[in-house]
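Owing to the predicted nature of the structure, the values given are computational and were not obtained by experimental measurement. In what follows, residues are counted from 1 in the order of the sequence shown. Values below: all heavy atoms of this structure, side chains included; hydrogens, waters and symmetry mates excluded.
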Amino acid sequence: MPLISIILCTFNGEAYLKAQIDSILNQTYKSIELIVCDDKSTDNTISILNAYAQKDSRIKVNSNLNNLGYIKNFEKGIALASGEYIALSDQDDVWALDKIEKLYNNIKDYDLIYCDSLFVDKNLKSLNKKMSSSKNMISSNNPLHFALDNCVSGHALLFKKQLCNTIFPFPKLIPHDWWIAFNATLNGGITYFNEALVDYRIHDNNTLVLNKNRKSKENKIYKRQARVLEFYKKCPEHHYAKKILLNLELLYKKPTAKNNFKKIALFLKHKEELFIIKKKKSLALIFYILKLYNKIK
């Protein structure tokens with residue numbers, strides 16, 4: 001039974017941390033290590049972590065000297081992993097106790113596997129919505145599927161350590177899970193396990209809520225340009241997606257009226273690949289793309 005490293009990144013997570021840790025330590029798959037990277041918490045997070053570590057030798061607690069931010073904090077934790085497989089964890093969710101076992105048993109020859117998640121409130125009451133309610137959850141070996149959107153959540157994935165040979169360093173403006181997923185499409189591919197194995201807690205301080213509140217048009221434009229550029233640079237020269245990513249990067253870099261028209265034409269030509277994660281039927285997708293002429297999405 002190979003060792004699986006679980007990377008838990010924390011920052012002021014005292015409110016919900018114990019439930020998350022308990023659901024990890026009680027996994028039916030027993031060959032695990034829990035690597036925790038705390039990003040200079042100012043609450044009782046470190047005390048909670050140290051108390052758990054004193055009772056369970058599988059836990060390794062690391063305290064950052066400086067605040068790294070969540071992307072670089074996960075990069076640090078992944079680099080510390082000893083296992084043949086790596087899973088990522090947020091600090092405020094609850095995992096199904098057989099999550100790791102099911103993902104490990106189904107990853108097969110793929111580099112990455114991920115599952116669905118159930119949205120719950122702060123008290124773990126179901127909100128009757130899943131991650132798959134708003135996105136198509138796909139299996140893929142096509143990098144264009146992840147050029148504009150991502151359906152692979154960090155808390156829901158398991159990947160082979162060999163993927164670490166290609167994912168470092170993490171770009172600062174691409175979420176870590178999105179970057180890992182994009183790289184997986186260029187290697188052993190991604191498979192989806194159609195079961196919700198995570199209770200994803202929605203509350204005022206979680207990442208999903210904070211990211212929605214921070215989105216401005218200028219911020220979206222800048223991040224989109226940066227993401228597409230990084231994806232283009234990462235894509236191998238021989239890969240057919242390279243030219244499409246280059247064209248996309250150039251069109252985002254200079255958002256003139258002429259380039260916006262060219263961008264829409266490119267979107268329509270490759271809509272089945274670039275918008276596969278969008279939960280829209282064919283005609284609705286065409287109308288959606290046409291409306292992007294005056295927007296940056």
Side-chain angles (χ1 to χ4, degrees), residues 6-28 34 45 69-71 73-74 87-103 106 112-140 145-146 148-159 174-181 184 190-215 219-220 223 275-281 284-285 288 297:
I6 300 171
I7 313 303
L8 170 61
C9 287
T10 59
F11 176 71
N12 291 346
E14 63 178 2
Y16 308 113
L17 183 57
K18 291 182 180 180
Q20 176 69 90
I21 293 177
D22 288 341
S23 72
I24 293 173
L25 297 180
N26 290 302
Q27 288 289 302
T28 56
L34 177 57
T45 295
Y70 77 96
I71 294 175
N73 201 21
F74 271 110
L88 308 182
S89 174
D90 295 334
Q91 63 184 0
D92 48 8
D93 302 328
V94 174
W95 288 5
L97 298 184
D98 57 356
K99 177 195 172 193
I100 293 297
E101 180 180 4
K102 286 183 174 179
L103 294 183
N106 288 278
L112 185 152
I113 186 171
Y114 71 108
C115 62
D116 205 352
S117 306
L118 176 68
F119 290 172
V120 298
D121 67 13
K122 64 180 182 180
N123 298 313
L124 298 178
K125 181 179 178 181
S126 174
L127 297 176
N128 298 313
K129 184 178 180 181
K130 296 179 181 179
M131 198 71 72
S132 59
S133 301
S134 58
K135 293 188 176 187
N136 288 323
M137 312 295 269
I138 62 171
S139 298
S140 175
H145 291 167
F146 291 86
L148 300 180
D149 205 350
N150 179 41
C151 57
V152 177
S153 298
H155 63 263
L157 63 75
L158 175 75
F159 65 94
I174 303 178
H176 59 287
D177 45 14
W178 196 344
W179 180 246
I180 294 170
I190 297 170
T191 186
Y192 171 58
F193 185 73
N194 188 18
E195 190 173 333
L197 299 176
V198 179
D199 285 349
Y200 185 82
R201 202 187 305 249
I202 303 295
H203 56 90
D204 290 342
N205 294 318
N206 83 338
T207 304
L208 188 63
V209 173
L210 291 175
N211 284 345
K212 284 185 177 180
N213 292 337
R214 289 172 180 165
K215 287 184 178 179
N219 194 34
K220 287 169 67 176
K223 286 188 175 182
F275 294 92
I276 190 172
I277 295 174
K278 290 291 181 187
K279 217 171 181 68
K280 293 182 181 294
K281 294 184 179 180
L285 179 58
Y288 172 81
K297 283 287 190 181

- Query: Less than 4.5 Å apart, any side-chain heavy atom of Ile21 and any of Leu8?
  - Reply: yes

- Tell me, do Asp177 and Leu88 make a side-chain contact under 4.5 Å, heavy atoms counted? no

- Query: Of the non-hydrogen atoms in Ala156 and Ser117, which two are nearest, and what is the gap between them?
  - Reply: CB-OG, 4.1 Å

- Given the options Lys122, His203, Gln20, Arg201, Asp92 meets side-chain hydrogen bond (donor to acceptor under 3.5 Å, both in side chains) only with His203

- Apply the side chain to side chain contact (heavy atoms under 4.5 Å, CB included) test between Val198 and each candidate in Met131, Lys130, His155; give the one that qualifies. His155

- Message: Tell me if a side-chain donor or acceptor on Asn136 pairs with a main-chain N or O of Lys278 at a distance below 3.5 Å.
- Response: yes

- Task: Nearest 0.5 Å please: distance from the CD1 atom of Ile174 over to the CD1 atom of Ile180.
- Result: 11.5 Å

- For Lys135 and Asn150, indicate whether the former's side chain and the latter's backbone hold a donor-acceptor pair under 3.5 Å. yes

- Note on the structure: Heavy-atom closest pair (Leu127 atom, Asp121 atom, distance to 0.1 Å) is CG-N, 3.8 Å

- Message: What's the separation between atom CZ in Phe193 and atom CG in Leu157, rounded to the nearest 0.5 Å?
- Response: 15.0 Å

- Message: Taking Trp95's backbone N and O only, do any of them form a donor-acceptor pair with Ser23's side chain (distance below 3.5 Å, no angle check)?
- Response: yes

- Roughly how far, to the nearest 0.5 Å, is CH2 of Trp178 from OG of Ser153? 12.0 Å

- Looking only at non-hydrogen atoms, find the nearest pair between Asp116 and Met137 and report the distance. OD1-CE, 4.0 Å

- Do Ile71 and Trp179 have side-chain heavy atoms sitting under 4.5 Å apart? no

- Message: I'd like to know if the side chain of Ser140 reaches the main chain of Ile190, judged simply by a donor and an acceptor atom lying under 3.5 Å from each other, with no hydrogens or angles considered.
- Response: no

- Message: Determine whether Phe275 and Leu148 satisfy the following criterion, side chain to side chain contact (heavy atoms under 4.5 Å, CB included), listing intermediate values before the conclusion.
- Response: CA-CA 7 Å; Phe275 294 92; Leu148 300 180; 3.8 Å; yes

- Query: Who pairs with Asp98 by salt bridge (charged side-chain N to carboxylate O under 4.0 Å, His left out), at least two apart in sequence or on another chain?
  - Reply: Lys102

- Message: Quick check: Tyr192 with Tyr114 (ring centres under 6.0 Å apart)?
- Response: yes

- Item | Rounded distance (nearest 0.5 Å) linking atom CD1 of Ile138 with atom NE2 of His145 | 5.5 Å

- Task: Might you point out which heavy atoms bring Ile6 and Ser89 nearest each other, and give the distance in Å?
- Result: CG2-CB, 4.2 Å

- Query: Can you check whether Cys9's main-chain N or O pairs, donor with acceptor, with Asn73's side chain at less than 3.5 Å?
  - Reply: no

- Working to the nearest 0.5 Å, report the span between CZ of Phe74 and CG of Asp90. 5.5 Å

- Do the side chain of Glu101 and the main chain of Thr28 share a donor and acceptor less than 3.5 angstrom apart? no

- What distance separates Asp149 CG from Ile277 CD1, expressed to the nearest 0.5 Å? 5.0 Å

- Note on the structure: Nearest heavy-atom approach of Asn128 to Ser126 is N-OG, 3.0 Å

- Message: For Leu197 versus Cys115, what's the shortest heavy-atom pair and its separation?
- Response: CB-SG, 3.7 Å

- Sidechain-backbone polar pair: Lys279 side chain, Ser132 backbone, donor-acceptor under 3.5 Å: yes

